[in-house]
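Single-structure report; data block below.
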Amino acid sequence: MAKLDLTQYGITGSTVIAHNPSYEFLFEEETKAGLTGFDKGQNTELNAVNVKTGIYTGRSPKDKYIVDDAQSHNKVWWTTEEYKNDNHPMSEEVWAKVKDIAIKELSNKQLYVVDAFCGANEATRLAVRFIVEVAWQAHFVTNMFIQPTKEELENFKPNFVIYNASKAKVENFKELGLNSETCVAFNTTSREQCIINTWYGGEMKKGMFSMQNYFLPLQGIASMHCSANTDMEGKNTAIFFGLSGTGKTTLSTDPKRLLIGDDEHGWDDEGVFNLEGGCYAKVINLDKESEPDIYGAIKRNALLENVTVAADGKIDFADKSVTENTRVSYPIEHIEKIVKKVNGRSAGPAAKNVIFLSADAFGVLPPVSILSPEQTKYYFLSGFTAKLAGTERGITEPTPTFSACFGQAFLELHPTKYAEELVKKMEKSGAKAYLVNTGWNGTGKRISIRDTRGIIDAILGGAILNAPTKKIPYFDFEVPTQLEGVDTNILDPRDTYADAAEWNKKAEDLAARFIKNFKKYEGNEAGKALVAAGPKL
Ligand SMILES: Nc1ncnc2c1ncn2[C@@H]1O[C@H](COP(=O)(O)OP(=O)(O)O)[C@@H](O)[C@H]1O
Ligand SMILES: C=C(OP(=O)(O)O)C(=O)O
Ligand SMILES: [Mn+2]
């Protein structure tokens with residue numbers, strides 16, 4: 001391969017230590033003598049390296065910007081006073097200055113460059129070049145993105161470039177009209193991302209997801225914040241939407257099924273395909289017995305983040321002293337039952353079951369509700385759930401939120417566009433939708449993973465369609481009254497309260513919040529028509 005010339009990016013005086021480094025080389029680089037601070041990795045008893053990501057242990061949505069230019073102006077769903085979101089506009093002038101900071105930081109350095117794909121389908125994948133100065137950042141993207149074959153690497157022509165300048169700061173952010181010294185900026189025209197002053201790997205991972213959320217729906221392809229798996233024959237695909245921490249990774253990693261991916265997928269006319277090549281699991285309180293597959297994936301080449309490790313390498317998964325958002329990234333091949341080992345690609349046919357995971361911090365939602373097609377649209381657009389501690393800066397306890405399409409932070413177009421594409425695909429495949437509460441109920445405790453897994457089994461195996469059901473007031477949810485493998489006493493959430501009147505009170509409050517939140521979609525006929533499918537007071 002010809003030696004990579006970085007002056008084409010304006011980066012001068014730098015040496016590329018490694019272009020597409022091997023895992024062996026990355027291990028050497030991350031643990032080599034002389035590294036200090038957050039550059040330094042520590043090997044652990046499970047043989048995976050652990051790193052610390054500094055002050056930023058979660059995403060920084062307030063520092064996210066999209067360049068507002070002639071191409072993007074009429075497409076991007078910009079934040080407004082009436083409906084705030086994370087798409088803050090950045091002028092082309094400010095972008096040039098921010099990029100300059102990144103380029104300066106990366107000049108006269110020793111750098112790592114990784115080329116990888118975002119998207120399992122050749123026709124619509126992004127060919128991404130990551131330019132970073134920290135070895136473990138190169139490791140992280142090698143784990144999380146799709147590694148090209150040897151031939152693909154030789155012919156690799158990037159159509160997106162990420163400049164990770166995590167060690168730089170935007171000193172003059174006030175003058176530039178920015179939020180802080182940290183900046184995560186995207187240019188959808190030149191197809192570049194600049195990352196400044198945050199080391200959190202999630203900015204690169206979710207950054208490229210945001211970009212596919214821009215490019216894919218514009219080509220008529222659904223782009224979804226969901227995990228996906230299929231049955232052992234690769235025929236019965238299921239997708240699990242959910243905000244961070246609601247259970248996408250945990251529940252899609254199922255020894256009875258083949259994993260397609262744990263977080264970001266597209267759905268085109270051929271079916272559901274992964275955008276990523278790896279998984280990014282939360283490891284707080286990780287327990288070998290209840291999550292053996294994720295535990296087993298933590299071995300050499302997996303990369304732990306912000307986990308507490310003793311000097312002798314012993315791991316304490318229960319320790320939250322750095323953050324509750326402790327993580328491990330690993331290539332999907334670390335999971336045994338994956339569709340990629342059968343197909344060569346992380347993809348499956350059109351989904352038959354669509355599951356909305358909501359971690360309800362109020363304890364109102366039933367553990368499972370069977371949704372009508374109209375309810376499906378209403379609850380997808382509403383995206384009610386809780387933000388769990390740690391994934392975003394400033395969130396330290398479960399915080400109820402309406403996150404459109406269960407991933408508002410990553411939507412670049414208006415939410416109705418994602419709903420439209422999803423519904424089109426669901427109608428074609430005859431998919432059914434369910435709302436699953438992986439959060440709290442009247443006991444004050446989180447619904448157990450065991451019960452939730454029982455619910456998922458009943459959905460995917462079809463048993464739920466033959467279960468006796470009843471209707472839940474205010475929401476008109478149809479819920480099963482009995483399911484094998486699930487504690488019968490939790491199926492009606494009212495039964496988990498000492499006094500059902502307490503549930504009524506909370507339900508009324510939640511219903512009112514839904515009604516208020518949905519007002520923003522009532523500006524047109526299609527939105528207005530959905531109100532009837534929502535909660536009523
Ligand atoms: N009922 C439940 N269903 C799923 N996960 C649960 C449940 N109760 C607790 N958890 C915990 O919640 C977290 C879910 O995280 P994860 O699966 O990584 O979410 P996501 O992939 O959606 O970000 C895990 O730490 C898991 O152990
Ligand atoms: C990595 C993230 O989320 P998830 O838990 O959904 O993978 C994130 O939101 O930064
Ligand atoms: Mn996940």
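Ligands are counted one by one from 1 in listed order, and the atoms in each one are counted from 1 as well.
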Legend entry - Identity and separation of the nearest protein heavy atom to atom 7 (C) of ligand 1: Ile449 CG1, 3.4 Å
Inset, instruction - Please say whether Tyr280 places an N or O atom under 3.5 Å from an N or O atom belonging to ligand 2. - result: no
Legend entry - From Asn229, Asp231, Leu460, residue fulfilling side-chain contact (heavy atoms from CB on, under 4.5 Å) relative to Asn236: Asp231
Inset, instruction - Using a 4.5 Å cut-off on heavy atoms from C-beta on, say whether the side chain of Asp293 contacts that of Lys337. - result: no
Inset, instruction - Among all protein heavy atoms, pick out the one at the shortest distance from atom 10 (O) of ligand 2; state its residue, atom name and that distance to 0.1 Å. - result: Arg59 NE, 2.8 Å
Legend entry - Neighbour count >12 (heavy atoms, 6.0 Å) for atom CG, Leu465: yes
Legend entry - Per-residue contact class, Thr452 against ligand 1 - non-hydrogen pairs under 4.0 Å: side chain
Inset, instruction - For the pair Phe186 and Met90, evaluate side chain to side chain contact (heavy atoms under 4.5 Å, CB included) and give the outcome as yes or no after the intermediate values. - result: CA-CA 9 Å; Phe186 299 86; Met90 174 179 270; over 6 Å; no
Legend entry - Residue pair Ile472 / Arg494, side-chain heavy-atom distance below 4.5 Å: yes
Inset, instruction - Considering only non-hydrogen protein atoms, determine which one is nearest to atom 19 (O) of ligand 1 and report residue, atom name and distance to 0.1 Å. - result: Gly247 N, 3.1 Å
Inset, instruction - May I ask you to check whether Ser210 and Lys64 show a side-chain donor-acceptor distance below 3.5 Å? - result: yes
Inset, instruction - Number the atoms of ligand 1 from 1 as they appear, then name those within less than 4.0 Å of a heavy atom of Thr250, with their elements. - result: 14 (C), 15 (O), 16 (P), 17 (O), 24 (C), 26 (C)
Legend entry - atom 14 (C) of ligand 1 - nearest protein heavy atom and its distance: Gly245 O, 3.4 Å
Inset, instruction - Enumerate the atoms of ligand 1 whose separation from the nearest heavy atom of Glu291 is less than 4.0 angstrom. - result: 27 (O)
Inset, instruction - Using a cut-off of strictly less than 2.8 Å, determine whether Ser244 has an N/O/S atom near the Mn ion (ligand 3). - result: no
Inset, instruction - Looking only at protein heavy atoms, identify the closest one to atom 4 (P) of ligand 2 and say how far it is in Å. - result: Lys206 NZ, 3.4 Å
Inset, instruction - Take the angle between the ring planes of Tyr280 and Tyr200 and call it parallel below 30°, perpendicular above 60°, tilted in between. - result: tilted
Inset, instruction - Kindly say whether the aromatic ring centers of Phe130 and Phe140 come within a distance under 6.0 Å. - result: no
Inset, instruction - Compute the shortest N/O to N/O distance between Asp263 and ligand 2 and return yes if it is under 3.5 Å, no if not. - result: yes
Inset, instruction - Start with the C-alpha distance between Trp503 and Thr496, add both sets of side-chain angles, then the distance that settles side chain to side chain contact (heavy atoms under 4.5 Å, CB included), and finish with yes or no. - result: CA-CA 9 Å; Trp503 180 88; Thr496 64; over 6 Å; no
Legend entry - Atoms in ligand 2 with a heavy atom of His225 nearer than 4.0 Å: 6 (O)
Inset, instruction - For ligand 2, indicate whether the residue Phe410 contacts it via side chain, backbone, both or neither (heavy-atom separation under 4.0 Å). - result: side chain
Inset, instruction - Output yes when the distance from some N or O of ligand 1 to some N or O of Ile447 is under 3.5 Å, and no in every other case. - result: yes
Inset, instruction - Select the closest option to atom 9 (C) of ligand 1 among Lys282, Arg450, Arg446, Lys248, judged by heavy-atom distance. - result: Arg446
Legend entry - Top protein contact for atom 6 (O) of ligand 2, by heavy-atom distance: Lys248 NZ, 2.9 Å
Inset, instruction - Take atom NZ of Lys256 as the centre, draw a 6.0 Å sphere, and report whether it contains more than 12 heavy atoms from other residues, nucleotides or ligands. - result: yes
Inset, instruction - Just say parallel, tilted or perpendicular for the rings of Phe209 and His225, cut-offs at 30° and 60°. - result: tilted
Legend entry - Check: Lys282 N/O within less than 3.5 Å of ligand 2 N/O: no
Inset, instruction - Indicate whether any N or O donor in one side chain lies under 3.5 Å from an N or O acceptor in the other, for Asn121 and Asp268. - result: yes
Legend entry - Polar contact flag for Ile284 and ligand 1 (N/O pairs, less than 3.5 Å): no
Inset, instruction - For Gly202 and ligand 2, answer yes if some heavy atom of the residue is under 4.0 Å from a ligand atom, otherwise no. - result: no
Legend entry - Worked verdict on Tyr418 versus Phe380 for ring-ring contact (aromatic ring centres under 6.0 Å, His included): CA-CA 9 Å; Tyr418 300 89; Phe380 185 64; 8.2 Å; no
Inset, instruction - Under 4.0 Å from a heavy atom of Ser244: give me the atoms of ligand 1 that qualify, with their elements. - result: 23 (O)
Inset, instruction - With heavy atoms of Leu243 as the reference, note each atom of ligand 1 found under 4.0 Å away. - result: 22 (O)
Legend entry - ligand 2 contact by Glu392, heavy-atom criterion under 4.0 angstrom: no
Legend entry - Distance-only N or O hit between ligand 1 and Asp263, under 3.5 Å: no
Inset, instruction - Pick out which of Phe241, Phe240, Phe384 makes a ring pair (Phe, Tyr, Trp, His ring centres under 6.0 Å) with Phe356. - result: Phe241
Legend entry - Per-atom contacts, ligand 1 versus Ser448 - under 4.0 Å to a heavy atom: 1 (N)
Legend entry - Contact with ligand 2 for Glu203, non-hydrogen, under 4.0 angstrom: no
